[in-house]
Q: 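Structure provided below as structure tokens; questions to follow.
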Amino acid sequence: MPRHYLWAIGEGIKTYRPGEIIAERYQVQHGNILLDTQPEKMPQMPEEIPGVIEPYLKLFPYRLHIPQVFGLAPLTETKGNKIIWLLEGGPINQEEVSLVPEITTAWKDATPMRQLNWLWQIAQLWQPLNVQKVGSSLLNPENLRVEGQLVRLVELQRDEKSLTLQHLGQLWQQWVSSANPVVEKFLKQLCQQMIAGEVQNADLVITQLDTALEVLGRAQVRSVHITTATDTGPNRDHNEDACHPPSQTVISYPPSSKTVAIVCDGIGGQDRGEEASQLAIKVLYQQLQNIPENADPLTLTTKLEEFACVANDAICECNDREERHGRERMGTTLVMALAHLHQLYITHLGDSRAYWITPRGCHQVTLDDDVASRQVRLGYSLYHDAIKQAASGALIQALGITNSMSLHPTVQRFPIDEDSIFLICSDGLSDKDRVEEYWQTEILPLLEGKVDLATVRDRLIEIANTKNGHDNVTVALVHYQVTPKSQTTEISLPPIDVKTSHLQELSVNSNSNSKFVENKPKTSMYDSEYRSWWFYVLGILILLGLGGILAYFLSPIAGEIIKPPTTEPPTTKIADNRDVKEIEQSNLPITPTFSPSLSLDVGSFILISSSDSPSEALNEPIELLTSTKDNTVKGRVASGSILKVTRKFYQPEETWLELEVCSTTKSLTTDPEFIYYLQPKDLGWIQKVKIESNLYIINMFDVNLEKLDGCFNN
């Protein structure tokens, strides 16, 4: 068994020297690194969760990058009665018993793809860490460690002041001079934009880095090899699992919509789990055929969420048609790996898992949708304590149990810059930590070229049946190989136009310089004539009316809707050829829909429905709050206002949206009741459920955004 090393935090650790034992169990190695000499025992748990460790629990979904609290070690009176908190899963090199390298140490020798990959991961962490007021953790180079292509944090550090992207840009600027020449100019421009305040939203930084990573990915040859297997197991009479590709298959593709592996595990104790699993895979595979090869990451992420909802609704429809209730309803878990361009996407619901195996480690990348994980995410309990509680493994969501309005599938994406293996499996294998126990001996040799894919697959099935054996077992292995093809010489980034709310399109020349070039949006002869927001709003309302007329005569719904409204649900083509209704895209430059079931993704535009028409009246005033934790009303949004979704924040029982006012029909002083109406560029938060029934979603991709008063800087 590998040694169990922990990282100690708290003032108490300073009183100990190497070799000393803490709480008759934890041996100090050096610095803050401890060896757990009794790893088979539970650690001591706190009676209450103090504020110092609460951010670790709230950030539990990010444990790929952030260590988690293992327990505590109370000190004796001679040591000051102080508590030492123990962190596990930190960036500790097991062989050398030391922290893995700092990012600044590894930076100068990293490939351009890896340098951008590291920054991309930091940008992904910026918003969630700032919500917990620990964004300073990303500004201390000593706290930023790298394990191959993965960024890891040593610990979380409390913010002493309010942070902005300018602080992050200032840190990154220190690394520009030692960046790979291919990306040096790009990074210099990006840092300048962040420091100047032209980039005020982490999503925009991510978009910039996404585009650059996609360009660098073209200089690599990528191949993906997939194999699957499913087995009933020694103690079950039938198999409720299912997989794609079919069991015992081995396929090889370049990254595309065909390079997908799916594992579904029918929910135990409920009827017809095998039917739910098979139907989910059938629907998902059919939906995946609609993915455009050049889909951008945001679009693809949204599509994968929607596909999970389509599969969910197909199973729910069967349950509802057969009048199944409670434990009679069939359901299934889902974990799906899709390789697309330079990234691998993991879509997840339930307690089937995905693991990422590299030459340096094995990391569980999914978080079980069970009661124990929810307790941790809510800050109620440490994980090792939560899993000991009654019903800790009960699922809180899966496909087919409830309608898609209550479903929150998780989609993660991983830029890949070196050979990697993703293992996805049902709990028949993952239970009792069998993957963590056997990855080095059974899976790592595949990366070293010592065994083939089918041999590893069969060995994992054997381990599941002999070491666990209590359940069906299904595994899928995705071997992602990366080979350099050519070297890009330079990447440059056109400056952000602060008069628009989106990045200008970027493309790559075919010449050897491979620089980004700007594709300026087409302009109309009328653009300079009409600059005021009222003309723009009037045009939208006219088009909304036209869209409503067309929708009435031509189609029950205009636009693409995945989650059905409660009246006459639109259906989508699924593989069993039931009666379906085609959802057609309108040719209008603005395509309105008014279903409360749309996903309201980041970048979506919202027109608050006008109260002039009874059919479009607001159910209640739309008011934005100052934050997700504070009920203070920042201001009201007037009917006819246009908003943009700038951020999305998930909590266990609710989803919050940050909205920016793009234009409004109310000024600061016109309301007789002295109600403060939010103005262009104002930001505020609202629960998703409170706004869904009062809005139109508008496709704004072909609209000149200069006609809006706000929404310029993100």
Side-chain angles (χ1 to χ4, degrees), residues 224-231 239-253 255-267 273-291 300-301 303-315 330-340 343-356 365-366 368-369 395 397-400 407 409-414 421-430 453 457 460-461 464 472-480 562 572 574-576:
V224 181
H225 313 280
I226 297 175
T227 189
T228 62
T230 185
D231 191 87
N239 192 351
E240 295 187 336
D241 291 2
C243 59
H244 176 84
S247 184
Q248 303 297 317
T249 300
V250 179
I251 64 171
S252 296
Y253 284 114
S256 71
S257 60
K258 295 182 179 179
T259 45
V260 62
I262 309 173
V263 168
C264 291
D265 179 0
I267 297 177
E274 65 275 16
E275 292 185 33
S277 299
Q278 293 163 7
L279 179 56
I281 287 179
K282 214 175 186 183
V283 174
L284 286 165
Y285 183 72
Q286 190 271 341
Q287 292 294 315
L288 287 167
Q289 306 315 302
N290 300 322
I291 293 178
L300 186 50
T301 298
K303 289 293 184 184
L304 292 173
E305 291 176 354
E306 293 174 350
F307 295 165
C309 291
V310 174
N312 178 78
D313 292 341
I315 300 171
M330 60 181 181
T332 182
T333 68
L334 166 67
V335 60
M336 176 169 64
L338 172 69
H340 189 266
Q343 300 188 88
L344 190 125
Y345 295 72
I346 299 289
T347 307
H348 176 260
L349 278 165
D351 61 356
S352 295
R353 292 181 178 177
Y355 295 85
W356 184 9
V365 299
T366 54
D368 293 348
D369 287 318
L395 294 182
Q397 66 170 355
L399 293 180
L407 203 66
T410 300
V411 179
Q412 298 171 272
R413 52 193 179 99
F414 305 91
I421 296 170
F422 284 83
L423 165 67
I424 62 177
C425 62
S426 62
D427 55 2
L429 174 63
S430 62
L453 206 58
R457 174 201 66 202
L460 293 175
I461 293 291
N472 311 140
V473 58
T474 302
V475 301
L477 288 163
V478 180
H479 187 191
Y480 199 119
I562 298 300
T572 310
I574 56 178
D576 60 355

Q: With no hydrogens and no angle check, is any side-chain donor or acceptor of Thr332 less than 3.5 Å from a backbone partner on Ala276?
A: no
Q: Can you tell me which residue among Asp369, Leu334, Thr333, Val365 is in a side chain to side chain contact (heavy atoms under 4.5 Å, CB included) with His348?
A: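 The passing option is Asp369.
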Q: Whether the side chain of Thr249 engages the backbone of Thr227 through a donor-acceptor N/O pair (distance < 3.5 Å, no angle test) should be reported.
A: no
Q: Among Asp241, Val263, Ile461, find the residue that satisfies the side chain to side chain contact (heavy atoms under 4.5 Å, CB included) test when tested with Thr230.
A: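 By the side chain to side chain contact (heavy atoms under 4.5 Å, CB included) criterion, Thr230 pairs with just one of Asp241, Val263, Ile461: Asp241.
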Q: Any heavy-atom pair between the side chains of Val478 and Val224 that's under 4.5 Å?
A: yes
Q: Work out which heavy atom in Thr474 is nearest to a heavy atom in Ala242; give both atom names and the distance.
A: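 It is CG2-O, 4.1 Å.
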Q: So do Ile291 and Phe307 actually touch side chain to side chain, heavy atoms under 4.5 Å?
A: yes
Q: Where is the tightest heavy-atom contact between Gly266 and Ser277, given as atom of each residue plus distance?
A: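 The pair with the smallest heavy-atom distance is N-OG, 3.0 Å.
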Q: Set out, in order, the CA-CA distance, both residues' side-chain angles and the distance that settles side-chain contact (heavy atoms from CB on, under 4.5 Å) for Leu460 and Leu423, then state yes or no.
A: CA-CA 10 Å; Leu460 293 175; Leu423 165 67; 3.9 Å; yes
Q: Got Ile346 and Val335 here, is their nearest side-chain heavy-atom distance under 4.5 Å?
A: yes
Q: As an exercise, state the distance from CG of Asn312 to CG of Leu399, rounded to the nearest 0.5 Å.
A: 5.5 Å
Q: Looking at every non-hydrogen atom in both residues, tell me the closest pair between Ala354 and Thr366 and how far apart they are.
A: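 In terms of heavy atoms, the two residues are closest at N-OG1, 3.1 Å.
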Q: Do you know the tightest heavy-atom contact between Ser252 and His225?
A: OG-ND1, 2.6 Å
Q: Within this structure, what is the CD-SG distance for the pair Gln278 and Cys243, rounded to the nearest 0.5 Å?
A: 10.0 Å
Q: Test side-chain contact (heavy atoms from CB on, under 4.5 Å) on Asn239 and Glu274 and set out the steps.
A: CA-CA 7 Å; Asn239 192 351; Glu274 65 275 16; over 6 Å; no
Q: Do Ile226 and Pro245 come close enough that some side-chain heavy atom pair is under 4.5 Å?
A: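 The answer is yes, as the side chains (C-beta and beyond) meet within the 4.5 Å cut-off.
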Q: Can Tyr253 and Ile251 be said to form a side-chain contact (heavy atoms from CB on, under 4.5 Å), step by step?
A: CA-CA 7 Å; Tyr253 284 114; Ile251 64 171; 3.5 Å; yes
Q: Side chains of Thr301 and Arg413: closer than 4.5 Å at any heavy-atom pair?
A: yes
Q: If every non-hydrogen atom of Ala464 is compared with every non-hydrogen atom of Val473, which pair is closest and at what distance?
A: CB-CG2, 3.4 Å
Q: I want to check something: taking the side chain as every heavy atom from C-beta on, are Val475 and Ile424 in contact at a cut-off of under 4.5 Å?
A: no
Q: Does the side chain of Leu349 come within less than 4.5 Å of Thr410's, by heavy atoms?
A: no
Q: Can you find a heavy atom in the side chain of Leu284 that is under 4.5 Å from one in the side chain of Met336?
A: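 Yes; the side chains approach each other to less than 4.5 Å.
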Q: For Ala339, is there any backbone N or O sitting under 3.5 Å from a side-chain donor or acceptor partner on Gln343?
A: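 Flag not set: sc Gln343 to bb Ala339 has no pair under 3.5 Å.
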Q: Roughly how far, to the nearest 0.5 Å, is CD of Gln397 from CG of Asp351?
A: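 Reported value, rounded in 0.5 Å steps: 11.5 Å.
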Q: Would Asp265 and Ser426 count as having a side-chain donor-acceptor pair, cut-off 3.5 Å?
A: no
Q: Report the distance from atom OG of Ser430 to atom OH of Tyr355, rounding to the nearest 0.5 Å.
A: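 Atom-to-atom, Ser430:OG and Tyr355:OH are 4.5 Å apart.
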Q: Quick one: closest heavy-atom pair of Ile315 and Gly400, and the distance?
A: CG2-CA, 3.6 Å
Q: To the nearest 0.5 Å, tell me how far Ile281 CD1 sits from Gln286 CD.
A: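 Output value for this atom pair is 14.5 Å.
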Q: Taking the six-membered ring for Trp, are Tyr345 and His340 parallel (under 30°), tilted (30 to 60°) or perpendicular (over 60°)?
A: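 The rings of Tyr345 and His340 stand perpendicular, inter-plane angle above 60°.
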Q: Begin with the C-alpha distance, continue with both residues' side-chain angles, and end with the deciding distance and a verdict on side-chain contact (heavy atoms from CB on, under 4.5 Å) for Tyr480 and Ile421.
A: CA-CA 6 Å; Tyr480 199 119; Ile421 296 170; over 6 Å; no
Q: Output the distance between atom CD (Glu240) and atom CG (Asn472), rounded to the nearest 0.5 Å.
A: 6.5 Å
Q: Charged N to carboxylate O below 4.0 Å: is that the case for Asp368 and Arg353?
A: yes
